[in-house]
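Quick caveat: nothing in here was measured; it's all calculated off a predicted structure. When a residue number appears, it is its place in the shown sequence, counting from 1. Just follow the structure's listing: the first ligand is 1, and inside any ligand the first atom is 1.
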Amino acid sequence: MMNLFTRKYYLNPETLRVERVRLSREQKIRFGVICTFGLIALAVLMRQGFERYYPTPRQIIYEKENTVLRSEYATLNTELHEVESQLLELRNRDDLFYRAILSLEPVPASIREAGTGGSETNTHLRNIREPGMVLNVSQRIEKISNQVKIQSNSLVNVYDEAISNQQFLACKPSINPISPADPTWLTSSYGYRKDPFTNRRTAHNGIDIAGRIGLDIHATGDGTVITAKMSRYGYGREVKVDHGFGFVSIYGHLEDIDVKVGQKVKRGEVVGTLGNSGRSTGPHLHYEVRKNSHTVNPMYFFFENLTPREYTVLATRANLPKGPYQPNAMSQK
Ligand SMILES: [Zn+2]
C-alpha cells in the first residue's frame, strides 16, 4: 500500500530523462475505494470506543430503567414467595383440616401440581439478554394462578360438602326420643330376644323404652312424616319420619299421634305420646331407626355427646359392640 502514497520516478529510456510514474485510472479508483472503507471503519471504531466511555443520553436512560426494573423484579420475587407460602398454608389447611373433617379425600398431588413449570406461553422471554429473573417471575405467577384455580375448586367442593353435612347432621336421628328429664328405662334392646308373646327367639328391630303413658315423644331428627296410622296389631299407633340420607325413624305403641302425613318436623318436635297401643305388654315406646331400609341399633345415635366411659357403661346395657366409642360409626357415607 505504501507505493500508493509515495511518488515514484523512473528513467525513461527513450527520452533519457527521469520522469514521475503516473498512476493508471484503475489504480486511482482502487485507491479511492480503499480510502473510503478505511475511513468508515475508523469512524465506527472511534464511535464504539467513545460510547464505551461516554454513553449517550438514551443509553443512560436505558441503564437507569434497567436498574429500576431489576429491583422491581427482585421485589416481585419476594412478594411471590410470600403468596406461595400463604397458598401452601391454605392448601395444607384444606387437605388436613377442611377435607379431613368432612371425610373428603385430599386433592391428589398429581392434580395439585398440574400445569406447573414453564410453558409455551413464555418462550418469547428466552429472547431477552438475561431472561432468568423475568422467566422466574413469569413461571411462578403461572404456577400460582393454576394452583389458585385448583384450590378454589377444592373449596367449592368443601363448601358443598359442609352444607350437605350440616343438613345431614340436622336430619340424622341423634337424640333420645324421650326427654332424659322424664323417668324411663330400657326394657328391651336391639337384637335377638325372646318374644314376650310367643316366647320364641326373634329379632327385635328397635329398642323399647318403658315409661308413663302420655310422655312426649320427640322426633329425633329433622324430616317429613311419612306414616301416622293406627293399627290394632304390630306397632299400634305409629309414626314414621323420613329424615333423608337414607334414614327413617319409627315411633310405635303411641297413645296419641300429634302429626299428619306430609308434615315437616324439626328435631325435638313432639310427634305423639307414649302409650300401650298395638301388640304391647305394657306402656312403652318402640323406637326403631332404619338406614337404607335396614334396621340399625338406635343406640348408635343417642350418645354422641357421651364420654368413652359413659358410652361403655351404656353400650354394655344396650347390647352394643364394646371397644372404643365411634360416634361416626353411622356416618353419612
Ligand atoms: Zn319394640
Inset, instruction - Give a yes or no on whether H284 keeps an N, O or S atom under 2.8 Å from the Zn ion (ligand 1). - result: no

Inset, instruction - Taking atom types as modelled, find out whether R267 and S174 have a side-chain donor-acceptor pair closer than 3.5 angstrom. - result: yes

Legend entry - the Zn ion (ligand 1) - closest N/O/S atom in H286: ND1

Legend entry - Presence of N, O or S from D208 under 2.8 Å of the Zn ion (ligand 1): yes

Legend entry - Geometric class of the H286/Y235 ring pair [parallel <30°, tilted 30-60°, perpendicular >60°]: parallel

Inset, instruction - Return the orientation label for the Y251 and Y287 ring planes: parallel under 30°, perpendicular over 60°, tilted otherwise. - result: tilted

Legend entry - Shortest non-hydrogen contact from E288 toward T295: OE2-CG2, 3.6 Å

Legend entry - H253 N/O/S atom closer than 2.8 Å to the Zn ion (ligand 1): no

